[in-house]
Amino acid sequence: MVKNHHLAKSISDTAQLRFCQWLEYVGKIFGVTVIAVAPDYTFRECSSSGEIRKQSRDLSAHRCFHCGYVEERDVNTNKNILRAALCQ
């Protein structure tokens, strides 16, 4: 997407910042609270037990060997992000 390798990080960071600003602006217009959540380990953490384990991104399901919880990886990640947003 970004062809100039010398400016790629700067351009990507600027685009991310602009997108976040736009989300906050639209949230204010519609009266919706926008909370930024760091995505670190959200796909590795079990939404049931909180156990973090290494797993590759190409797996379609999240399986926790600690508690036996099985869920689609995206659903598990969304639950973790929602929990993190509600705790802030």
Side-chain angles (χ1 to χ4, degrees):
M1 184 172 159
V2 180
K3 303 253 183 204
N4 186 340
H5 298 290
H6 299 288
L7 297 174
K9 185 173 180 351
S10 297
I11 293 170
S12 296
D13 289 346
T14 303
Q16 185 71 26
L17 176 65
R18 182 70 71 174
F19 179 70
C20 290
Q21 289 172 342
W22 179 81
L23 280 178
E24 290 176 0
Y25 171 74
V26 171
K28 285 180 184 176
I29 290 174
F30 290 103
V32 177
T33 304
V34 177
I35 300 171
V37 175
D40 304 335
Y41 303 110
T42 54
F43 79 98
R44 293 181 179 173
E45 183 179 352
C46 176
S47 62
S48 177
S49 67
E51 189 77 17
I52 296 175
R53 74 176 193 94
K54 285 196 166 203
Q55 50 181 283
S56 63
R57 290 185 181 263
D58 61 342
L59 296 175
S60 62
H62 171 82
R63 288 182 174 75
C64 180
F65 298 117
H66 182 72
C67 67
Y69 179 73
V70 177
E71 184 68 75
E72 186 177 333
R73 189 188 71 195
D74 293 340
V75 174
N76 182 63
T77 302
N78 290 337
K79 287 180 181 180
N80 290 333
I81 290 172
L82 178 61
R83 184 177 353 103
L86 294 175
C87 290
Q88 287 185 351

Discussion item. Can you tell me how far apart CD (E45) and CD1 (I81) are? Round to the nearest 0.5 Å.
Written reply: 10.5 Å

Fill in: side-chain hydrogen bond (donor to acceptor under 3.5 Å, both in side chains) partner of H62, the single match among K79, Q55, E71
Q55

Response to the item:
Here the gap from F43 atom CZ to I52 atom CD1, rounded to the nearest 0.5 Å, amounts to 10.5 Å

Item to complete: Please round to the nearest 0.5 Å and tell me the distance separating atom CD1 of I29 and atom CD of E24.
Response: 12.5 Å

Worksheet item: Just how far is it from atom NZ of K54 to atom OH of Y41, taken to the nearest 0.5 Å?
Response: 8.5 Å

Worksheet item: Under the side chain to side chain contact (heavy atoms under 4.5 Å, CB included) criterion, do C67 and E51 qualify, and how do the steps go?
Response: CA-CA 9 Å; C67 67; E51 189 77 17; over 6 Å; no

Discussion item. Quick check for you: to the nearest 0.5 Å, what is the distance between Q21 atom CD and Q16 atom CD?
Written reply: 11.0 Å

Worksheet item: Can you tell me how far CG of L82 sits from OG1 of T77, rounded to the nearest 0.5 angstrom?
Response: 12.5 Å

Worksheet item: If Ile, Leu, Val, Met, Phe, Trp and Tyr residues are connected whenever their side-chain heavy atoms lie under 4.5 Å apart, and connections chain through other members, are L86 and V37 in the same group?
Response: no

Discussion item. Quick check on the hydrophobic clustering: are F30 and W22 connected, directly or via other members, by side-chain heavy-atom contacts under 4.5 Å?
Written reply: yes

Practice prompt. Answer with yes or no whether the hydrophobic clustering places L23 together with V32; edges join I, L, V, M, F, W, Y residues whose side-chain heavy atoms lie under 4.5 Å apart.
Written response: yes

Worksheet item: With H66, which of S49, S48, C46 fulfils side chain to side chain contact (heavy atoms under 4.5 Å, CB included)?
Response: S49

Item to complete: Verify the cluster assignment for F65 and V70: are they in a single hydrophobic cluster under the rule of side-chain heavy atoms below 4.5 Å apart?
Response: no

